[in-house]
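Accompanying notes for the structure given below.
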Amino acid sequence: MNDHASPFNHRPLAPSHLQISPPVVVDEDKQSNDKGSKPFDICTPKLNRCVVLKASLFVKNREKRKEMTQTKERTVLRPGMVLLKGYISIRDQIKIVKVIRELGLGDGGFYQPSYDEGAELQLKMMCLGKNWDPQTSRYLDQRPCDGSSPPEIPSEFVDLVNSAVHESNSITKPSNSKPIPSISPDICIVNFYAKNGKLGLHQDKDESEESIRKGLPVVSFSIGDSAEFLYGDESNVAKAKKVVLESGDVLIFGGKSRKVFHGVASIDPNSAPSLLVEETDLRRPGRLNLTFRQY
Ligand SMILES: O=C(O)CCC(=O)C(=O)O
Ligand SMILES: [Fe+2]
């Protein structure tokens, strides 16, 4: 278990004799709601649940053991940028996927975003709190493509963001760098990356001038398959540093790193924890990323 208190109320996990379906072959990149049709489902529909997996208890115990023995490394990647490895417990990851799946199927749920010139982003997206529009790079209360309003950010997510920022400050040495300011997140951009998912190097700079000036951090939760994450001082992949973001990792960039260039080069298919996949039916390959910001 993680040593911080979980903001989620947990009920016991599903019984050990979970029924799981054989792999369903779907081209996730094509499974989108092209404007107007139904939202994208980040979980594989339970089509043909006929294989009874008796080994599920074994898998659960193995994941628990892994979680308990995993070193919870906390690394300052650069001033203002902190990586908390394995910060989100497997139970909280499961909860987050379930909550996001439900929100993602409703009004303002997952859709296929595209840029102004018409090129599609290599991911599915939904926003909570305020909608970020890739066509105009602005935040609005409604999504221009369908007029939907983004769902609210669940309070448990906010609690987890706050505890992560607090944790990141417990390792940064105040003599070397200023503490990362805490935030009241009012925006969460949720990305789902399927097999060819990626995101080019960019800066997060569409929040208010004040938010960026104060170095209010972006707090990122990674869940599901691992990703190769790039970051650096310029929009140049060759010069960017790389770090693998795994399920449960929290990355925080604020202060001097608030405008760091960053992006996702690729995802590592089927690297998600098996318990997470079993309990949620999260699509494979699949990576969920939530970035919290304060406007
Ligand atoms: O998926 C990630 O790790 C990064 C997402 C991101 O940079 C963004 O949504 O602005
Ligand atoms: Fe970003």
Side-chain angles (χ1 to χ4, degrees), residues 28 42 77-78 80-85 87-88 93 96-97 100 104 110-115 120-139 143 150 153 157 161 164 183 185-207 211-212 215-235 237 240-254 257-269 271-272 282-283 285-295:
E28 296 91 343
I42 62 166
L77 297 177
R78 43 185 271 156
M81 189 169 192
V82 178
L83 176 58
L84 306 176
K85 292 296 292 176
Y87 187 72
I88 310 172
Q93 294 173 48
I96 292 169
V97 171
I100 289 295
F110 280 103
Y111 77 116
Q112 176 60 61
S114 50
Y115 294 113
E120 289 185 347
L121 279 77
Q122 302 272 81
L123 46 81
K124 305 288 184 262
M125 185 191 286
M126 73 177 292
C127 294
L128 308 178
K130 286 183 197 300
N131 183 72
W132 180 72
D133 179 24
Q135 311 236 336
T136 57
S137 296
R138 283 187 201 290
Y139 287 103
R143 190 156 77 187
I153 304 177
F157 290 19
V161 168
I183 54 170
D186 51 3
I187 302 160
C188 175
I189 300 182
V190 189
N191 294 333
F192 179 81
Y193 302 80
K195 89 170 167 266
N196 298 319
K198 50 170 81 83
L199 183 60
L201 283 173
H202 65 280
Q203 294 168 297
D204 290 354
K205 55 177 186 181
D206 298 328
E207 296 72 33
S211 178
I212 292 171
L216 300 191
V218 173
V219 179
S220 150
F221 293 179
S222 290
I223 297 175
D225 285 331
S226 305
E228 188 176 79
F229 184 85
L230 306 177
Y231 64 98
D233 284 321
E234 41 187 303
S235 177
V237 175
K241 292 198 169 156
K242 293 177 186 161
V243 66
V244 174
L245 296 183
E246 296 171 293
S247 201
D249 291 354
V250 175
L251 178 71
I252 299 172
F253 50 98
S257 288
R258 180 59 178 77
K259 291 218 283 192
V260 67
F261 282 90
H262 60 281
V264 174
S266 59
I267 70 160
D268 181 9
S271 49
L282 185 67
R283 276 180 189 277
R287 171 175 184 260
L288 200 57
N289 177 262
L290 287 74
T291 48
F292 297 87
R293 306 126 193 261
Q294 180 174 326
Y295 184 78

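Both ligands and their constituent atoms are indexed starting at 1 by order of listing. Here, residue 1 is the first one in the sequence, and each next residue gets the next number.
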Exercise. Can you sort out the partners of D204 under salt bridge (charged side-chain N to carboxylate O under 4.0 Å, His left out), two or more places apart, ordered by chain and number?
Key: R293
Quiz item: Do F221 and F292 make the cut of ring centroids closer than 6.0 angstrom?
Solution: yes
Quiz item: Do the two ring centres, one from H262 and one from F253, sit under 6.0 Å apart?
Solution: yes
Quiz item: Does any donor atom in the side chain of S247 or Q93 lie under 3.5 Å from an acceptor atom in the other side chain?
Solution: yes
Quiz item: Which atom, among the N/O/S set of D204, is closest to the Fe ion (ligand 2)?
Solution: OD1
Quiz item: Which parts of the protein, at residue level, reach under 4.0 Å of ligand 1 through a heavy atom?
Solution: N191, Y193, L199, H202, D204, F229, H262, V264, R287, N289, T291, R293
Self-check item: Test side chain to side chain contact (heavy atoms under 4.5 Å, CB included) applied to Q122 - qualifying residues, sequence neighbours left out
Solution: K198
Quiz item: Who pairs with Y115 by ring pair (Phe, Tyr, Trp, His ring centres under 6.0 Å), at least two apart in sequence or on another chain?
Solution: none
